[in-house]
Amino acid sequence: FFFQAEDGIRDAQESRGLGDVYKRQVHGGIDLINMEFNSIIFPCPESSYGYGTLREIIFVPKVKTETHVFSKDVHVRTYIPCLYMACEGGSSKILIYYHGNAEDIGISFDFLHHISKRLKCHVIAPEYPGYGIYPGEPKSSTILEDTLIVFDFLVQQAKWPEYDIWVFGRSIGSGPATHLARNRKPQLLILMSAYTSIKDVAKEVVGWLSFLVKQRFQNIENIKNVESPILLIHGDRDEVINCDHSENLNNELRKLGKLCRFEKRRGMTHNIFDLNLDIIEPILKFIQELNFTPKNGDFPEFPSGSFDYPK
């Protein structure tokens with residue numbers, strides 16, 4: 001069946017996709033240097049969920065250091081909200097999913113439900129700061145820091161083998177996903193509608209004004225140091241992030257002799273695609289060829305209180 005996500009251009013007036021947000025902010029006369037473009041790159045949608053509306057949320061602890069001028073630094077315990085979908089019957093694999101920039105983990109629920117069911121894996125989807133019930137500002141530095149915290153939580157606290165973790169990043173989420181795969185060793189990296197870098201996307205949208213955009217999420221560089229097999233999926237009609245981005249990533253990987261596959265999906269846009277044919281079937285084929293097919297029976301051992309809302 002066809003799936004319409006929340007991360008792409010749907011209507012010229014109402015779109016909240018990555019490229020369209022750049023266009024509207026630039027031509028709207030907004031100061032482009034404020035907040036290092038965080039408000040542009042991460043146009044937080046109105047939260048689709050609240051405390052108590054999603055029972056499937058775990059809270060991954062992190063320690064935040066607050067610096068004070070006239071006193072000692074204070075270490076504050078905060079939490080990363082993560083959507084957790086357990087695979088019925090258990091699974092030997094966990095997939096960590098990083099969503100697009102105009103959706104939160106609540107909006108991603110249906111998409112991830114089908115991913116979990118068809119791939120027969122557990123799913124963990126970390127929220128971005130400023131999105132949903134995660135307080136704070138959506139800074140790229142915080143998001144990248146969180147990727148390692150969540151991964152280490154699964155390995156060290158939930159007792160899950162590192163080699164049985166898959167990482168999936170869609171659109172803006174391909175940046176955090178690639179960063180994580182570079183700094184840890186998941187079994188598999190899946191990138192959907194990926195980009196070479198944020199600056200490269202901005203260049204295509206606003207031209208010379210892209211010099212104002214701080215370089216971040218440099219997938220074209222980070223991917224060189226990923227040891228995991230990589231699957232790239234991109235629609236040939238993507239109107240937000242051109243398919244050439246994934247093609248360039250694939251070419252770079254092949255030059256380095258990396259194990260990778262590029263699935264260029266005919267007729268697929270950034271936002272509208274056949275979930276089974278365009279996304280799930282290519283993933284299933286890839287993991288079967290790699291002999292990564294999940295086995296039944298296992299569940300992560302989350303610490304006591306992981307599902308309790310922090311006070």
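Note that this is a predicted model, so its numbers are computed, not measured.
For the side-chain hydrogen bond (donor to acceptor under 3.5 Å, both in side chains) test, no residue two or more places apart in sequence or in another chain qualifies with Ser116.
Although no hydrogens or angles enter the test, the distance criterion places no donor-acceptor pair under 3.5 Å between the side chain of Thr178 and the main chain of Gly175.
Ring centroids of His122 and Phe299 are separated by less than 6.0 Å, placing the two rings close together. Residues Tyr134 and Tyr128 keep their aromatic ring centres 6.0 Å or farther apart. Ring centroids of His99 and Tyr131 are separated by less than 6.0 Å, placing the two rings close together. Taking the six-membered ring for Trp, Phe302 and Tyr84 have ring centres closer than 6.0 Å.
Residues Phe307 and Arg55 form no side-chain contact, since every pair of their non-hydrogen atoms from C-beta on lies 4.5 Å or further apart.
The closest side-chain donor-acceptor pair between Ser48 and Asp104 falls under 3.5 angstrom.
Using cut-offs of 30° and 60° for the angle between ring planes, the Phe59 and Tyr51 rings count as parallel.
Between Arg118 and Glu281 a salt bridge is recorded (basic side-chain N to carboxylate O distance below 4.0 Å). Remark: Arg184 engages Asp152 in a salt bridge, criterion side-chain N to carboxylate O under 4.0 Å. Salt-bridge annotation for Lys285 and Glu263: absent, with no side-chain N of the basic residue lying under 4.0 Å from a carboxylate O of the acidic one.
Residues Phe151 and Leu180 come closest through the heavy atom pair CB-CD1, 3.7 Å.
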